[in-house]
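Each chain gets a letter, A, B and so on, in the order its sequence line appears, and its residues count up from 1.
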There are 2 protein chains.
Amino acid sequence: MAPDDRPYHHGDLPAALLAAVDEVVRERGAAALTLREVARRAGVSHAAPAHHFGDKAGLLTAYATEGMHEMATRMAAARTQAADPGGVDALRLLTDTLGRLAVAYVAFAVEQPARFTVMFGSEQLHTDDPLYQAATEEAFEQLYAAVLEVRRDLQRDDPELMHAASGAWSVVHGFATLWLAGHLDERVTSVPPEQATAAALGAFGTTLFAAAGITP
Amino acid sequence: MAPDDRPYHHGDLPAALLAAVDEVVRERGAAALTLREVARRAGVSHAAPAHHFGDKAGLLTAYATEGMHEMATRMAAARTQAADPGGVDALRLLTDTLGRLAVAYVAFAVEQPARFTVMFGSEQLHTDDPLYQAATEEAFEQLYAAVLEVRRDLQRDDPELMHAASGAWSVVHGFATLWLAGHLDERVTSVPPEQATAAALGAFGTTLFAAAGITP
DNA sequence: GATCATATCTTGACATCGGCAAGACGTCCG
DNA sequence: CGGACGTCTTGCCGATGTCAAGATATGATC
């Protein structure tokens with residue numbers, strides 16, 4: 001197509017830029033992303049992105065927020081999903097709500113590693129952005145609700161509940177992060193993320209039991 | 001001192017450069033670090049760092065490796081430390097070997113957030129560097145040994161042991177990472193890392209027990 | 001102790017980047 | 001029909017990482 005096929009006004013440049021970010025990030029990784037490359041892919045000048053997103057961090061924050069929403073949606077789906085009545089695996093941890101949430105979290109990260117890395121790459125984001133914070137809380141709220149389902153003894157605003165949810169978030173987030181950084185043993189990451197998550201969480205839970213002197 | 005006080009040969013420029021990296025990273029964060037700024041602080045030309053470390057990623061990898069060693073040392077100290085015979089806290093998780101390791105891990109991250117961020121910022125590191133990998137395994141080995149202490153039922157090369165150690169690493173790493181990224185609630189991070197780690201791990205452990213139908 | 005290879009560091013240059021200011025262009029509302 | 005406004009371009013700036021070539025000191029060899 002001739003270069004002048006493109007009208008002066010793009011139509012929906014913000015969306016096109018976010019799509020270009022996704023392209024670059026998938027191909028070259030988050031660190032190699034430049035504003036000018038994004039602009040080139042969207043077919044606009046190098047200064048166009050700044051007009052809509054302020055600066056590079058603003059563009060990445062918008063991209064990260066998009067990803068947070070998608071992850072929160074997938075977590076919500078996993079949480080409300082009917083439990084598999086047949087399967088009973090290690091400590092019943094992986095068939096209940098909390099287990100399905102963990103699997104959804106890790107699966108999202110492994111399927112979209114570059115996106116996940118940007119989402120939590122706080123150094124190049126505007127972490128005080130209200131939309132970003134809201135999207136993050138939306139995802140964390142899923143974990144919060146799942147823990148509340150298990151801990152019937154707790155009130156909604158109990159600090160203990162917050163601590164428990166933070167711990168739950170930590171284990172899935174750490175597992176995903178270490179996986180993407182290549183720090184986990186190949187014996188762990190050579191199977192699909194669903195199985196790997198189940199194995200690691202099950203083994204860790206058993207270890208906690210053993211540490212507490214319980215052998216179920 | 002006059003600018004010509006400095007001899008042509010520095011003496012130990014690599015060490016001086018690593019110290020300069022630490023300065024910059026503490027003051028401005030890992031993302032704001034530039035080779036030229038490091039060179040300025042060390043009092044050498046802008047191209048000097050490349051001679052010793054190849055490129056920017058090489059310098060950061062050396063700095064990360066240094067940090068990994070320090071963390072591994074602190075973890076080893078925590079592991080071999082005598083257990084506090086008096087204290088018995090939530091599920092006895094925090095006074096045993098595994099608990100002390102967790103506290104050491106999180107405390108290191110919170111005390112030196114920028115350094116910790118660089119250590120696991122795989123995007124700007126040469127993660128295939130043998131020294132870096134060795135230092136990482138040195139730290140992980142501490143967790144591995146601690147889990148083995150608890151899981152007497154397992155052999156050293158049992159995959160279950162690897163999964164359990166990966167889970168243990170995940171929870172402490174995720175907690176530290178989320179903390180540094182500012183994603184944890186203020187009620188969690190407003191206390192010293194030792195207490196916060198104990199609270200989150202304890203509450204999470206209790207939740208796992210509840211999910212398994214155990215009420216200790 | 002002189003000579004020369006080698007390691008260390010400097011100088012200069014280049015392409016590229018993010019951000020800014022000013023202007024061109026299109027749209028929309030009066 | 002006209003002017004205000006949002007959209008995008010052009011041009012430019014300082015700064016950065018990397019490379020090549022040169023200068024300088026060290027250490028080994030004779």
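- In this entry the distance linking CG of A:L59 with P of C:dC17 reads 15 Å, nearest Å.
- Counting any heavy atom pair closer than 4.0 Å across all strands shown, B:A47 reaches a base atom.
- When the P atom of D:dT24 is taken as reference, atom CG of B:L13 falls 18 Å away, rounded to whole Å.
- The ring of A:H173 has its center closer than 6.0 angstrom to the ring center of A:F116.
- Ring to ring, B:H183 and A:F120 are close: their centroids are under 6.0 angstrom apart.
- Rounded to whole Å, the distance from NE2 on A:H46 to C1' on C:dT16 is 12 Å.
- Here C:dC17 presents its P atom at 16 Å from CZ of B:R36, a figure rounded to the nearest Å.
- Looking at heavy-atom distances under 4.0 Å, B:H52 makes contact with sugar-phosphate atoms alone, never a base.
- A sub-4.0 Å separation between OP1 or OP2 of C:dC9 and a side-chain N or O of B:H51 is absent.
- Ion pairing between B:E111 and B:R74 holds under the 4.0 Å rule for side-chain N and carboxylate O.
- Residue B:F53 contributes atom CZ, which lies 17 Å from atom C1' of D:dT18 at whole-angstrom precision.
- Under 4.0 angstrom from either OP1 or OP2 of D:dT16 there lies at least one side-chain N or O belonging to B:R40.
- Distance CG (A:D12) to C1' (C:dG26): 17 Å, rounded to an integer number of Å.
- The interatomic distance linking A:Q124 (CD) with C:dG18 (P) rounds to 11 Å, in whole Å.
- In this structure, A:T34 reaches the C:dC17 phosphate: one of its side-chain N or O atoms is under 4.0 Å from OP1 or OP2.
- Ion pairing between a basic and an acidic side chain is recognised when a charged N comes within 4.0 Å of a carboxylate O; B:R156 and B:E141 show such pairing.
- The nearest whole Å value for the distance from the CD atom in B:E37 to the P atom in D:dG17 is 10 Å.
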